Amino acid sequence: MRRMRVAAVCGAALVTAVGGVAPAAGAVRGDEAVRGAGAVRGAEAVRDAVAVRGAVAGLAYHGSADIVGDRVDVRFTPHNHGPAAVPDSVVRIRWSQPLEEGQTLPARCAPEGDRAVRCRVGRLGAHDSGERIGLRVRLREAPSEVLLEFDPVGSDGTVDESRAAERQRVLVLDTGDKYYF
């Protein structure tokens with residue numbers, strides 16, 4: 001029992017030191033996580049191993065957004081705060097309001113349904129930043145607010161549910177102000 005408590009404290013300290021990535025961010029589960037983290041067996045040990053293993057990559061998107069009428073401007077830079085490289089990265093940006101059809105988007109971005117845009121970020125090295133991405137989209141209506149959600153997705157378009165901690169939400173009000181995230 002004492003070993004398990006020590007493993008839990010060490011795992012929590014490592015997660016905090018690496019950037020506070022939540023245990024749900026782990027891409028490895030079960031025995032593989034235990035082997036990768038060198039932890040002892042047991043339910044708490046597996047949970048701690050996933051937390052340590054989950055600290056490998058920490059994708060985040062920092063930038064600003066503003067809304068004026070039916071136009072939303074979003075500018076952001078992708079960051080990998082983790083100690084391991086991400087070979088290929090894609091971000092899906094969802095709007096709480098439907099987008100106007102037929103918009104021109106940057107070359108590395110494409111519409112996905114009526115409320116989302118997917119942009120290829122590419123490779124991100126350990127503790128690295130990617131190229132700045134700027135989007136100007138028009139909504140079908142002019143709302144008083146819009147919620148943006150940034151989700152890292154796989155290159156095939158699927159959302160990795162184990163990366164829930166890397167999702168970001170930004171509420172933007174139609175005040176003419178820039179909202180930083």
Side-chain angles (χ1 to χ4, degrees), residues 15 18-29 50-51 53-141 143 145-174 177-181:
V15 168
V18 174
V21 178
V28 188
R29 295 188 178 94
V50 171
R53 186 71 174 149
V56 171
L59 298 178
Y61 311 96
H62 303 296
S64 65
D66 60 84
I67 180 173
V68 177
D70 65 347
R71 187 190 77 224
V72 181
D73 289 324
V74 181
R75 292 155 302 284
F76 65 94
T77 303
H79 296 271
N80 177 7
H81 296 292
V86 177
D88 193 20
S89 180
V90 175
V91 63
R92 176 184 298 136
I93 306 163
R94 294 180 201 205
W95 282 263
S96 59
Q97 301 290 323
L99 302 174
E100 190 175 276
E101 293 180 24
Q103 298 186 55
T104 302
L105 298 171
R108 60 182 172 186
C109 297
E112 187 176 86
D114 68 339
R115 294 178 188 240
V117 172
R118 191 171 64 183
C119 296
R120 184 175 183 279
V121 173
R123 184 184 191 290
L124 289 173
H127 303 289
D128 193 14
S129 298
E131 291 181 36
R132 184 179 176 107
I133 297 173
L135 293 171
R136 174 174 283 170
V137 298
R138 291 210 177 271
L139 305 173
R140 286 190 196 155
E141 297 177 8
E145 66 182 38
V146 65
L147 179 66
L148 303 177
E149 295 179 300
F150 292 79
D151 292 325
V153 296
S155 57
D156 63 352
T158 59
V159 175
D160 182 355
E161 293 302 324
S162 67
R163 290 188 167 181
E166 294 174 351
R167 292 183 179 150
Q168 290 177 253
R169 300 174 87 187
V170 180
L171 180 63
V172 183
L173 304 176
D174 186 9
D177 297 321
K178 285 187 181 180
Y179 291 84
Y180 294 90
F181 53 92

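The model shown is predicted, which means the values in this text are computed figures rather than measured ones. The figures here come from the full heavy-atom set of this structure, side chains too, leaving out hydrogens, waters and symmetry mates.
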Quick one: does [X]'s side chain get under 4.5 Å of [Y]'s, heavy atoms only?
X	Y	answer
Pro83	His127	yes
Leu99	Leu139	yes
Glu145	Gln97	no
Val90	Val121	no
Val72	Asp66	no
His62	Thr77	no
Cys119	Leu135	yes
Tyr179	Leu171	no

Backbone of [Y] reached by a side-chain donor or acceptor of [X] within 3.5 Å:
X	Y	result
Ser64	Tyr180	no
His79	Ser129	no
Glu100	Val137	no

Interatomic distance, [X] atom [atom1] to [Y] atom [atom2] [nearest 0.5 angstrom]:
X	Y	atom1	atom2	answer
Ile133	Leu105	CD1	CG	11.5 Å
Leu59	Asp151	CG	CG	11.5 Å
Arg115	Ile93	CZ	CD1	16.0 Å

Assign the ring pair Phe76 / Phe150 to parallel, tilted or perpendicular, where the plane angle (0 to 90°) is split at 30° and 60°.
perpendicular
Specify the closest pair of heavy atoms between [X] and [Y], including all atoms of both residues, with the distance to one decimal.
X	Y	result
Phe181	Gln168	CD1-NE2, 4.1 Å
Pro78	Glu131	CD-O, 3.3 Å
Ile67	Gly69	CG1-O, 3.8 Å
Asn80	Gly125	ND2-O, 3.2 Å

For Arg120 and Asp88, run salt bridge (charged side-chain N to carboxylate O under 4.0 Å, His left out): C-alpha distance rounded to whole Å, both residues' side-chain angles, the deciding distance at 0.1 Å, then the answer.
CA-CA 8 Å; Arg120 184 175 183 279; Asp88 193 20; 3.2 Å; yes
Is it true that Arg167 and Glu149 make a salt bridge, defined as a side-chain N closer than 4.0 Å to a carboxylate O?
no
Can you tell which of Lys178, Arg138, Arg136 makes a salt bridge (Lys or Arg N to Asp or Glu O under 4.0 Å) with Asp73?
Arg136
Does the side-chain contact (heavy atoms from CB on, under 4.5 Å) test come out yes or no for Arg118 and Val153, once each step is laid out?
CA-CA 9 Å; Arg118 191 171 64 183; Val153 296; 4.0 Å; yes
